[in-house]
Amino acid sequence: MKRTVEEHAARFDEYASEYDDGQNSPEYEACASLVIEHARDALGAEETVLDLGCGTGAIGLSLAEDAARVVGRDISTGMMNQARAKAEEAGFSNVEFDYGEFREPNYDGPADVVVSNFAMHHLSDEEKREAIDVVAGLGPHTFVLGDVMFFGEADPSEPFYSPDVDDPATVGVLADALTDAGFALTAVELVHEQVGVLVAERVA
């Protein structure tokens with residue numbers, strides 16, 4: 001991780017109220033839509049969604065009508081406050097947001113489908129592997145990861161990659177980590193040369 005958890009949290013706190021307005025690129029919207037679509041396809045009505053790095057709750061809240069429960073975890077109080085306000089405005093009573101990190105999500109309940117969108121790329125490759133192991137330990141049958149990831153050579157001049165704060169992995173590194181954690185990769189969606197969605201299902 002190129003910055004501490006506290007530094008990342010402070011950075012997101014600073015622009016939490018404006019975050020949603022800035023996430024309007026076609027690639028970001030396509031990535032989020034694919035994460036929601038794949039998660040919804042995998043989700044049962046009596047199941048729980050765990051949204052790691054939930055931000056302002058865009059992914060989790062989009063799944064709230066399809067799930068028994070949605071649990072969001074993030075390091076930014078400001079982002080979670082936005083998520084709570086959106087949940088209250090929408091009238092959802094089956095969602096909760098609280099502090100949690102990828103490697104210490106502060107959650108030990110059921111997690112049937114785990115989702116994460118545009119968040120894990122702040123971790124180093126080794127930290128991503130540790131995070132994926134933690135996700136596997138929660139016992140989900142499906143993990144849907146949308147994120148900045150490299151399908152080719154890293155290019156800081158392209159969108160979605162700022163080397164001073166981001167540390168994306170290659171698709172191969174993520175695929176190996178998921179496989180080693182007991183998942184089978186069932187879908188790979190290229191949104192942009194530096195953005196993609198991976199769907200992993202637990203191997204029986």
Side-chain angles (χ1 to χ4, degrees), residues 1 5 8-9 12 31-32 34-44 46-55 57-64 66-76 79-80 83 95-150 166-189 195-204:
M1 187 180 295
V5 170
H8 278 299
F12 284 108
C31 186
L34 283 167
V35 170
I36 293 165
E37 177 184 332
H38 282 292
R40 187 172 284 142
D41 287 346
L43 183 62
E46 300 304 315
E47 293 187 326
T48 296
V49 175
L50 174 61
D51 185 0
L52 294 175
C54 65
I59 303 298
L61 293 174
S62 294
L63 296 168
D66 304 288
R69 186 181 180 210
V70 173
V71 177
R73 291 291 184 265
D74 204 276
I75 61 172
S76 166
M79 299 287 268
M80 286 186 289
V95 300
E96 67 168 78
F97 299 97
D98 206 344
Y99 183 91
E101 304 172 24
F102 277 106
R103 292 171 295 163
E104 295 182 23
N106 185 32
Y107 180 69
D108 59 3
D112 302 291
V113 175
V114 176
V115 296
S116 184
N117 191 55
F118 268 69
M120 194 181 284
H121 64 274
H122 296 300
L123 305 180
S124 69
D125 285 1
E126 184 56 35
E127 289 167 336
K128 291 184 189 74
R129 179 172 285 275
E130 293 170 3
I132 288 170
D133 286 341
V134 169
V135 168
L138 294 169
H141 58 74
T142 306
F143 178 28
V144 184
L145 174 64
D147 209 347
V148 183
M149 58 184 74
F150 300 136
D166 300 327
D167 200 359
T170 65
V171 174
V173 164
L174 293 170
D176 286 346
L178 288 163
T179 300
D180 290 345
F183 292 103
L185 206 57
T186 57
V188 178
E189 304 268 17
V195 177
V197 176
L198 305 181
V199 182
E201 296 182 5
R202 176 172 295 280
V203 178

**Item:** side-chain contact (heavy atoms from CB on, under 4.5 Å) evaluation trace for Val173 with Lys128
**Value:** CA-CA 9 Å; Val173 164; Lys128 291 184 189 74; 5.9 Å; no

Considering only heavy atoms from C-beta outward, does the side chain of [X] approach that of [Y] to under 4.5 Å?
| X | Y | answer |
| --- | --- | --- |
| Ile75 | Tyr99 | yes |
| Ile59 | Ile36 | yes |
| Asp176 | Arg129 | yes |
| Glu127 | Phe102 | no |
| Phe118 | Val195 | yes |

Nearest heavy-atom pair of [X] and [Y]: which atoms, and what distance?
| X | Y | value |
| --- | --- | --- |
| Pro110 | Thr48 | O-CG2, 3.3 Å |
| Ala169 | Asp125 | CB-OD1, 3.3 Å |
| Ala39 | Val115 | CB-CG1, 3.6 Å |
| Ala83 | Gly57 | CB-N, 3.8 Å |
| Leu50 | Ala111 | CB-CB, 4.1 Å |
| Asp51 | Gly60 | OD2-N, 3.2 Å |

Exam field: side chain [X] to backbone [Y], donor-acceptor pair closer than 3.5 Å:
| X | Y | value |
| --- | --- | --- |
| Asp66 | Arg40 | no |
| Asp166 | Pro168 | no |
| Thr142 | Val113 | no |

Hey, could you give me the [atom1]/[atom2] distance between [X] and [Y], rounded to the nearest 0.5 Å?
| X | Y | atom1 | atom2 | answer |
| --- | --- | --- | --- | --- |
| Asp180 | Asp133 | CG | CG | 8.0 Å |
| Leu34 | Glu189 | CG | CD | 5.0 Å |
| Leu198 | Met149 | CG | CE | 4.0 Å |
| Leu52 | Met120 | CG | CE | 7.0 Å |
| Asp167 | Ser124 | CG | OG | 6.0 Å |
| Leu174 | His121 | CG | NE2 | 12.0 Å |

**Asked** Within a reach of under 6.0 Å around CG of Asn106, are more than 12 heavy atoms found that belong to other residues, nucleotides or ligands?
**Response** yes

**Request:** Apply the side chain to side chain contact (heavy atoms under 4.5 Å, CB included) test between Pro140 and each candidate in Glu47, Arg202, Glu201; give the one that qualifies.
**Result:** Arg202

**Item:** Derivation of the salt bridge (Lys or Arg N to Asp or Glu O under 4.0 Å) call for Arg73 and Glu96
**Value:** CA-CA 9 Å; Arg73 291 291 184 265; Glu96 67 168 78; 3.4 Å; yes

**Fill in**
With sequence neighbours left out, the residues meeting ring-ring contact (aromatic ring centres under 6.0 Å, His included) with Tyr107 are none

**Request:** Under the side-chain contact (heavy atoms from CB on, under 4.5 Å) rule, what do Asn117 and Cys31 come out as? Steps first, then yes or no, please.
**Result:** CA-CA 8 Å; Asn117 191 55; Cys31 186; 3.3 Å; yes

